[in-house]
Each structure stands twice: as C-alpha cells, then as structure tokens.
There are 2 protein chains.
Amino acid sequence: MVDRRSGVPAFRQVASDLREKITAGEYAPGEQLPSERELVDSYGVSRPTVREAVNMLRAEGLVTSEHGRGVFVRPPASIQRMSRARLSREARERNRGAFLADAAARGFTPSTSVKIRFEQADQRAAAHLAIDEGTEITVRDRVMRADGLVVQLAVSRLPRELTRGTAIEEVDTGAGGAYARLEESGHRLGSFVEHVGARMPTPDEATQLQLAEGVPVITVTRVAYTEDGTPVEMNDMVLAADRYELSYEWPAD
Amino acid sequence: MVDRRSGVPAFRQVASDLREKITAGEYAPGEQLPSERELVDSYGVSRPTVREAVNMLRAEGLVTSEHGRGVFVRPPASIQRMSRARLSREARERNRGAFLADAAARGFTPSTSVKIRFEQADQRAAAHLAIDEGTEITVRDRVMRADGLVVQLAVSRLPRELTRGTAIEEVDTGAGGAYARLEESGHRLGSFVEHVGARMPTPDEATQLQLAEGVPVITVTRVAYTEDGTPVEMNDMVLAADRYELSYEWPAD
DNA sequence: GAGTGGTCTAGACCACCTT
DNA sequence: AGGTGGTCTAGACCACTCC
C-alpha cells in the first residue's frame with residue numbers, strides 16, 4: 001500500500017518498493033514479478049500507475065517484460081572482455097581481423113557482413129583523419145555476429161588514396177584484415193588511440209543489437225596512426241553495454 | 001495525424017515523427033517542442049498517448065522536460081576527455097592526484113569530499129586485489145566536484161596492510177595523491193589496468209550526478225599493480241556519460 | 001491567471017502466451 | 001479459456017513557471 005500523504009508520487013513508491021525487493025534478492029534474477037493486476041490490488045493504485053512504476057524499472061534495466069508472459073527480473077548478461085591485445089601485430093598474423101580473432105578465441109562461430117561504399121569525408125571524419133573535408137574516403141560498414149546474434153556494429157573509414165587497388169576495397173580483406181593490407185602497402189602502423197563513450201541507443205541500433213530497454217551502448221572510436229603519426233583509419237564501433245567490457249593496460253610510466 | 005490502420009502504435013508514430021524533426025534540425029537543440037496539449041490536437045491522440053511518446057524521447061536522451069516550462073531538445077553537453085596520461089608519474093609530482101590534476105588543467109575549481117572507512121574485502125575486491133575474502137581493506141569513498149557540480153564518484157580500495165601509518169588513511173593524501181604515498185613506502189607502481197563498461201545509473205547515482213533521464217553512466221574499474229605484478233589498489237569510478245569521454249593510446253606493438 | 005508538465009483514475013479493447 | 005502485458009481514452013486535479 002502506498003502512503004498518500006508522503007508527497008512522493010505513488011508510482012515512485014511502487015517502483016522503489018519493487019526495486020528494493022529485487023536488489024535484496026526477494027525477487028531473484030529470472031524470477032517473475034507479480035502480475036500488474038496483482039500489483040494494482042496489493043498497492044491500491046490504478047493499473048496505469050503500476051505500469052508507470054514498471055516502466056521506470058525497465059528503463060533502469062532491472063526488469064524486462066514479455067508480452068503475454070509476465071515481467072521478469074533481468075539476469076545479468078555474461079560479459080565479454082575486449083582487451084587491446086587483440087590488435088597486436090602478432091595476433092593479426094594468425095587471423096583475419098580483430099573481431100574474428102576475438103570470437104575464435106572464445107568458441108563462437110563468428111560471421112560478419114560488410115558493405116563497402118565511397119564517400120566524401122564529413123567534418124568529423126576529416127578531423128580524425130587529418131584530411132580536407134570532401135576528400136574521398138572508403139567506408140566499410142560492418143555488422144558482426146556471434147552464433148548468429150548481432151554483437152557489434154562498426155564503420156571503418158580510410159582515405160581512398162590508401163585503399164585503391166588493395167583488398168580493403170573488397171568484402172574479404174584477407175588474412176590479418178585491413179591493418180595487414182595497410183602495412184603491406186608500406187603504411188606501417190605506429191599507434192592506436194581509442195575514444196570511449198556511452199549513450200542510449202537509437203531505435204535502429206536497439207533493433208539491430210536486440211537490446212533490452214534500459215541498456216546503453218558503448219561507443220568506441222579508434223584511430224590508427226602510422227609510425228610517423230599520420231592517421232590512416234578511423235573505426236566507429238557500437239557495442240551492447242550489457243555484453244561488453246573493454247580493458248586497457250599500460251605501464252606506470 | 002497518426003495512421004490508425006498501420007498497426008504501429010500511436011505513441012510510437014508520434015515519437016518517430018518528433019524524433020525525425022529533432023534529428024533533421026526542425027526542432028533545434030535547446031528549442032522548445034509544442035506543448036503536450038498542442039501535440040494532442042495536431043496528432044489527434046489523447047494526452048497520455050502524447051506523454052508516452054515524449055517519455056520515449058526522454059529515455060533516449062533526446063529531450064528534457066521542465067515542469068511548468070515545457071519540453072526542450074537536449075543540447076549536447078560539452079565533453080571532457082580523460083586520457084591515461086593523467087596518471088603519469090610526472091603529473092603526480094606536480095599535483096595532489098589524478099582528478100585535481102585534470103581539473104586544474106582545465107580551469108575548473110575542483111573540490112572533493114572523502115569518507116574513509118575500513119572493511120573486510122568482499123569477493124569482488126578480493127579477486128581484483130589478489131587477497132583472501134575478509135582481509136581488512138581501506139576504503140576511500142570520494143565525491144568529486146568541478147565548480148560545485150558533482151562530476152565523478154570514486155571508491156578506492158587498498159589492502160589495509162599497505163596504508164597503515166600513511167596519509168592514505170587521512171582525508172588529505174598530500175601531494176601526488178595515494179599513488180605517491182604507495183611509492184614512498186616502497187611499492188613502486190608498474191602498470192595500470194582499466195576495465196570500462198556502461199549501464200543506467202541507480203536512482204541514487206542519478207541524483208548525485210544530476211543526470212538527465214536517458215543518460216547512462218560509464219563505469220571504470222582501475223587496478224594499479226606494482227612492478228612485480230602485485231595489485232595494490234582498485235578504484236571504481238562512475239562518470240556521467242554525457243560529460244565524459246575516455247581516451248587510451250598505445251603503440252602498435 | 002494562464003499555460004506548462006506531473007500525477008492519477010476507471011475503465012476499455014487488443015495481442016500474445018499457456019494450458 | 002483465461003491470464004498476461006500493450007495500447008488508448010477522456011477526463012480530473014496538482015505543482016510549477018512566467019507574466
């Protein structure tokens with residue numbers, strides 16, 4: 001029952017109460033909550049009020065609702081770690097690319113689909129690649145799957161000048177991936193920079209990544225530089241935050 | 001006006017339409033949307049339906065609503081970049097700690113409040129610090145502000161054994177921060193590892209960080225190791241995802 | 001005081017899942 | 001068939017902001 005005189009909105013009281021019961025383990029992961037109609041009775045509020053409370057918990061990522069079945073406490077997803085070691089030259093020598101290397105190491109059946117197109121660099125691409133706006137660039141738009149499930153979206157951009165005549169403009173970039181092709185054509189890589197952020201997904205991303213409500217995405221923009229400091233590739237990645245964790249390691253000095 | 005025969009729920013049609021107008025710039029950042037009652041008329045739906053549409057956009061972080069004023073397109077927040085260089089030994093020599101160094105470099109007036117307590121290591125802390133569960137640890141619970149606004153929460157844990165008799169058990173750890181004190185007592189740091197993830201904030205975090213709805217938090221767990229590979233500190237940080245971006249750089253080999 | 005968003009009700013009907 | 005969540009209505013009153 002909610003306290004009508006407290007000044008706290010009824011749906012917040014219901015949400016808080018359910019949240020406490022979930023975090024206390026009273027409703028265990030995977031377990032079903034009482035039905036909305038039952039909650040209506042037990043808290044003495046209308047159904048829209050109960051639904052607003054449940055909506056809050058869904059937006060927080062605490063529960064998921066399944067049409068015709070019920071509302072369930074969301075069990076924590078198993079988290080994949082991605083470490084920077086996946087980009088070592090050594091790893092490239094044995095594999096097709098970073099993602100396939102990663103998946104193979106974990107027993108997934110990986111698959112990717114790639115669309116290649118050519119564009120003029122927009123302001124952001126121009127800034128990261130240190131080229132003029134409007135310069136022709138090669139864009140590789142990839143969807144990566146593990147056991148059929150989409151796990152990562154990635155858009156890679158390179159100055160067209162560097163990719164002409166290489167397998168980077170093909171669907172299959174060959175052993176070692178695009179980075180190996182760049183090095184073969186004389187652009188030996190010197191360093192990587194990754195910019196990591198997070199935000200809520202667009203509806204489109206939510207569909208593609210099959211995200212539950214209340215699950216943000218991690219965005220990673222990686223820029224690859226040659227040994228002389230010239231940027232040669234930028235790669236925008238989008239990952240489901242409930243399935244990925246990124247790890248970085250560096251010496252203290 | 002919504003299409004009743006399309007099978008697409010009315011509130012989704014309204015949300016999609018508004019979303020398009022926002023991303024197309026028809027409603028510019030900071031600009032006010034039509035009032036809910038106006039939207040009721042223009043789309044021919046009831047007010048709860050309009051509100052559900054607006055709720056969607058709010059959960060996506062596209063708009064904020066202000067009681068008594070209106071609904072506004074959320075302007076992008078200015079993003080602070082945090083790079084791993086902030087942890088260099090050289091930077092420590094000139095400053096009190098990583099956060100103060102960061103803020104000072106940017107013209108903020110930084111302030112922190114610290115609560116120190118002693119606990120027994122839980123399973124997670126024990127795993128990261130390579131100690132037995134139940135071992136006594138020192139916990140430094142910090143709230144960091146820039147110009148009075150909370151921007152970061154951080155909980156640092158170290159084996160008590162390493163902090164006894166040092167300024168790490170004081171509110172003010174002194175010049176160079178806790179890492180400098182560790183090095184002074186003979187625990188020269190060898191490397192750092194950061195694990196980066198994202199999730200929706202707890203209501204508590206949302207309040208403390210003054211997060212708008214639809215803004216996730218970035219979580220960073222940093223573990224500091226000595227030169228012989230012994231973990232000496234773990235630091236759990238929580239940052240507002242609309243205000244921070246993390247940068248990591250490493251050589252190609 | 002007029003306009004705004006915030007909360008809440010008491011229903012109704014639909015779509016989906018299970019038995 | 002019966003239970004579940006999903007959608008929607010037509011109101012009502014409140015709290016806040018601005019003029």
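Letters A, B, ... are given to chains in the order of the sequence lines, protein chains preceding strands, and every chain is numbered from 1.
Residue Arg12(B) places no side-chain atom within donor-acceptor reach of the base of dG6(D), judged by atom type and a 3.5 Å distance cut-off alone.
Counting non-hydrogen atoms under 4.0 angstrom, Pro9(B) reaches the backbone sugars and phosphates but no base. Within the 4.0 angstrom heavy-atom criterion, no nucleotide atom of any strand lies near Val54(A).
One interatomic measurement links the two molecules: CZ of Arg69(B) to P of dC18(D), which rounds to 5 Å at whole-angstrom precision. Residue Phe72(B) contributes atom CZ, which lies 17 Å from atom P of dC16(D) at whole-angstrom precision. Put simply, CD on Glu66(B) is 14 Å from C1' on dG6(C), counting in whole angstrom units. Rounded to a whole Å, the CG atom of Asn55(B) is 14 Å from the P atom of dC8(D). When rounded to the nearest whole Å, the span between CD of Glu36(A) and C1' of dA10(C) equals 15 Å. Across the protein-nucleic acid pair, Arg5(A) atom CZ and dC8(C) atom C1' stand 19 Å apart, rounded to whole Å. Taking atom CD on Glu52(A) and atom C1' on dT7(D), their separation rounds to 15 Å, with Å as the unit. Remark: P of dT9(C) and CG of Asp41(A) are 13 Å apart, rounded to the nearest angstrom.
Residue Arg4(B) places at least one side-chain N or O closer than 4.0 Å to OP1 or OP2 of dT9(D). Distances shorter than 4.0 Å separate none of the side-chain N or O atoms of Arg37(A) from OP1 or OP2 on dG3(D). Between Arg47(B) and the phosphate of dG11(D), there is no side-chain N or O to OP1/OP2 separation shorter than 4.0 Å. A sub-4.0 Å separation between OP1 or OP2 of dG11(C) and a side-chain N or O of Ser46(A) is absent. Contact between the side-chain N/O atoms of Arg58(A) and the OP1/OP2 oxygens of dG6(D) is found at a separation under 4.0 Å. A close approach under 4.0 Å does occur between a side-chain nitrogen or oxygen of Arg51(B) and OP1 or OP2 of dG6(C). The phosphate of dT9(C) (OP1 or OP2) has a side-chain N or O of Thr49(A) nearer than 4.0 angstrom.
In this model, no donor atom of one side chain and acceptor atom of the other lie less than 3.5 Å apart for Ser156(A) and Arg222(A). Judged purely by distance below 3.5 Å, without hydrogens or angles, the side chains of Ser65(A) and Arg58(A) pair a donor atom with an acceptor atom.
Aromatic stacking is not marked for His67(B) over dG6(C), as the cut-offs of 5.5 Å for the centres and 30° for the planes do not both hold.
Each of Pro48(B) and Glu38(B) was assigned the nucleotide of DNA chain C with the nearest heavy atom; the assignment lying further toward the 5' end belongs to Glu38(B).
In this pair, His128(B) and His195(B) present their aromatic rings tilted. The plane angle is within the 30 to 60° band.
Residue Lys115(A) qualifies as open at atom NZ: its count of foreign heavy atoms under 6.0 Å is 12 or below.
A heavy-atom distance below 4.5 Å is found between the side chains of Met200(A) and Met200(B).
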